[in-house]
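As the structure is a prediction and not an experimental result, all values here were calculated from the model. All residue numbers in this chain count up from 1 along the given sequence.
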Amino acid sequence: MTTTTDDGLPPDQRDDRFFLGTVIAMAVVLVAGFSVQLATGRSSFSAPLMVHAHAVVFMGWLGIYLLQNIFVATGRSALHRRLGWIGAGWILAMLVLGCAVTVDMARRGAIPFFFRPLQFLVFDVLSLLTFVGLTTAAIALRRQTDWHRRLHFCAMAILLGPGLGRLLPMPLLTPWAWEATFVVSLIFPLVGMWADHRRSGRIHPAWSRGLAAMFGLLLVVEAVTYSPLGDALYRAAVAGSPGAAVAPLAFPPPPGPPPMGEVGAR
């Protein structure tokens with residue numbers, strides 16, 4: 001006998017519908033965030049080639065993740081498995097390009113003005129490493145679908161930061177811009193926990209593992225940012241570049257015309 005939920009769907013099918021719907025919501029957040037920046041002229045196609053490669057690879061992952069959930073929801077397991085192995089190799093390119101672009105921004109002194117340069121360097125790299133760790137765990141547990149999809153989901157929530165940051169009023173959130181973005185990204189795993197409880201009366205333990213990894217990321221970022229280790233890592237990353245003249249923990253000046261005093265002095 002096949003059990004059903006209150007809406008008449010088998011539990012697995014209702015689970016598939018939830019994950020597909022929330023992944024679509026994640027995709028909307030990311031696409032909207034970058035589209036808004038492009039439409040308002042705060043982003044352009046004149047960025048360095050490495051930045052474009054980074055964008056293609058990360059948006060490619062979004063496409064892979066969305067397709068994987070579509071394949072599961074439509075019963076195409078063979079395609080899901082094949083694409084999964086492509087995705088496993090894809091995360092290596094994400095890690096390399098993500099770290100390279102972050103270091104390049106720090107070296108050029110191009111960190112957004114609402115982030116401390118040192119903190120930006122630390123949270124960008126550690127966020128990627130946490131994403132890779134959760135994704136690797138999800139792949140290792142691919143035969144346990146309940147764990148597999150929830151760990152993947154938490155990993156994807158970590159990647160929402162850039163999209164959310166382009167939708168939130170980041171200058172107004174200074175000096176807690178990154179922390180505020182992190183808190184908003186927790187909405188997705190928390191919704192997943194709520195959906196589990198509503199569906200079955202219990203919360204799957206994978207959510208607590210995913211949230212533990214995310215909160216661990218927050219704590220390590222804060223600890224490293226204000227430590228001698230963080231200072232040493234930043235100075236090593238920017239040595240011999242324009243970024244070396246930027247104070248690691250001072251917020252860069254916002255873009256715009258120079259103060260009137262500076263204009264008169266020229």
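Side-chain atoms of Glu179 and Glu222, non-hydrogen and from C-beta on, do get closer than 4.5 Å to each other. Side-chain contact between Ile91 and Thr136 is present, with heavy atoms from C-beta onward closer than 4.5 Å. Contact check for Phe251 versus Pro117: no side-chain heavy atoms found under the 4.5 Å cut-off. By the 4.5 Å heavy-atom criterion applied to side chains, Ser227 and Asp231 are not counted as neighbours. Between Pro254 and Pro171 there is no side-chain heavy-atom pair separated by less than 4.5 Å. Put simply, the side chain of Leu186 reaches to within 4.5 Å of the side chain of Phe215, judged on heavy atoms. Using a 4.5 Å heavy-atom threshold, the side chains of Val125 and Leu128 count as separate. The shortest distance between side-chain heavy atoms of Asp16 and Arg149 falls below 4.5 Å.
Cluster membership for Val191 and Ile203, using ILVMFWY side-chain heavy atoms within less than 4.5 angstrom, is shared. Phe113 and Trp176 fall into different hydrophobic clusters, where Ile, Leu, Val, Met, Phe, Trp and Tyr are joined by side-chain heavy atoms under 4.5 Å apart, directly or via other members. Side-chain heavy atoms closer than 4.5 Å link hydrophobic residues (I, L, V, M, F, W, Y) into clusters, and following such links, even through other members, never connects Val56 to Val31. In the hydrophobic clustering of ILVMFWY residues, with side-chain heavy atoms under 4.5 Å counting as a link, Leu49 and Met105 come out apart. Under a hydrophobic clustering in which Ile, Leu, Val, Met, Phe, Trp and Tyr are joined whenever their side-chain heavy atoms come within less than 4.5 Å, directly or via other members, Ile86 and Val23 fall into the same cluster.
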message: Using salt bridge (charged side-chain N to carboxylate O under 4.0 Å, His left out), reason through Arg150 and Asp146 one step at a time and then give a plain yes or no.
response: CA-CA 6 Å; Arg150 286 166 175 81; Asp146 50 342; 5.7 Å; no
query: Passes side-chain contact (heavy atoms from CB on, under 4.5 Å), Val36 versus Arg166? Steps please.
result: CA-CA 7 Å; Val36 165; Arg166 286 164 169 80; 5.9 Å; no
- request: Determine, stepwise, if the pair Ile158 / Met214 fulfils side-chain contact (heavy atoms from CB on, under 4.5 Å).
  value: CA-CA 7 Å; Ile158 293 173; Met214 295 178 75; 4.0 Å; yes
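Without hydrogens or angle criteria, Gln119 side chain to Thr225 main chain gives no donor-acceptor distance under 3.5 Å. With hydrogens and angles ignored, the 3.5 Å screen pairs a side-chain donor or acceptor of His148 with a backbone N or O of Ala138. Judged by distance alone, with hydrogens and angles left aside, the side-chain atoms of Trp90 form a donor-acceptor pair with the main-chain N or O of Val57 at under 3.5 Å. With hydrogens and angles disregarded, a donor-acceptor distance shorter than 3.5 Å links the side chain of Asn69 to the backbone of Tyr65. Here the side chain of Ser185 pairs a donor or acceptor atom with the backbone of Phe182 at under 3.5 angstrom. Judged by distance alone, the side chain of Arg107 and the main-chain N or O of Ala239 form a donor-acceptor pair under 3.5 Å. Side chain of Ser200 to backbone of His197: no donor-acceptor contact under 3.5 angstrom is found. Under the 3.5 Å distance criterion, the side-chain polar atoms of Ser127 are left unmatched by any main-chain donor or acceptor of Asp124. At least one donor-acceptor pair closer than 3.5 Å links the side chain of His80 to the backbone N or O of Gln68. With hydrogens and angles disregarded, a donor-acceptor distance shorter than 3.5 Å links the side chain of Arg142 to the backbone of Ile139.
Leu173 and Ala180 make their closest contact through CD1-CB, 3.8 Å (heavy atoms, listed as atom of the first residue, atom of the second, distance). Between Leu30 and Met59, the closest heavy-atom pair is O-CE, 4.3 Å. Gly87 and Trp61 get closest at one heavy-atom pair: O-CZ3, 3.4 Å. When every heavy atom of Phe114 is checked against every heavy atom of Ala177, the shortest pair comes out as O-CB, 3.7 Å. Residue Leu134 comes nearest to Ala155 through the heavy atom pair CB-CB, 3.7 Å, listed as atom of the first residue, atom of the second, then distance. Closest approach of Gly210 and Leu151 over heavy atoms only: N-CD2, 4.4 Å.
Among Leu217, Leu95, Val220, the one residue that satisfies the side-chain contact (heavy atoms from CB on, under 4.5 Å) test with Leu129 is Leu95.
Pairs of residues two or more places apart, or lying in two chains, never qualify as salt bridge (Lys or Arg N to Asp or Glu O under 4.0 Å) while including a residue from residues 152-164.
When hydrophobic side chains of Ile, Leu, Val, Met, Phe, Trp and Tyr are connected at separations under 4.5 Å, Leu219 ends up as a singleton with no cluster partners.
Rounded to the nearest 0.5 angstrom, Met26 CE and Ile24 CD1 are separated by 12.0 Å. Remark: Thr135 OG1 to Met156 CE distance equals 9.5 Å, nearest 0.5 Å. Separating the CZ atom in Phe71 from the CG atom in Leu66 is a distance of 9.5 Å, to the nearest 0.5 Å. Residue Leu159 holds its CG atom at 4.5 Å from CZ of Phe131, rounded to the nearest 0.5 Å. In this structure, Thr102 OG1 and Leu97 CG are separated by 10.5 Å, a value rounded to the nearest 0.5 Å. For the atom pair OG1 (Thr22) and CZ (Phe153), the distance works out to 3.5 Å, reported to the nearest 0.5 Å.
For Tyr234 and Arg116, the side-chain atoms include no donor-acceptor pair closer than 3.5 Å. Residues Asp196 and His204 bring no donor and acceptor atom of their side chains to less than 3.5 Å of each other.
Taking a 6.0 Å sphere around CZ of Arg76, one finds it holds more than 12 heavy atoms contributed by other residues, nucleotides or ligands.
Aromatic ring pairs are classed by plane angle as parallel below 30°, tilted from 30° to 60° and perpendicular above 60°; the pair Phe19 and Trp207 is parallel. Ring geometry, Phe123 versus Trp178: the interplanar angle falls under 30°, so the pair is classed parallel (tilted spans 30 to 60°).
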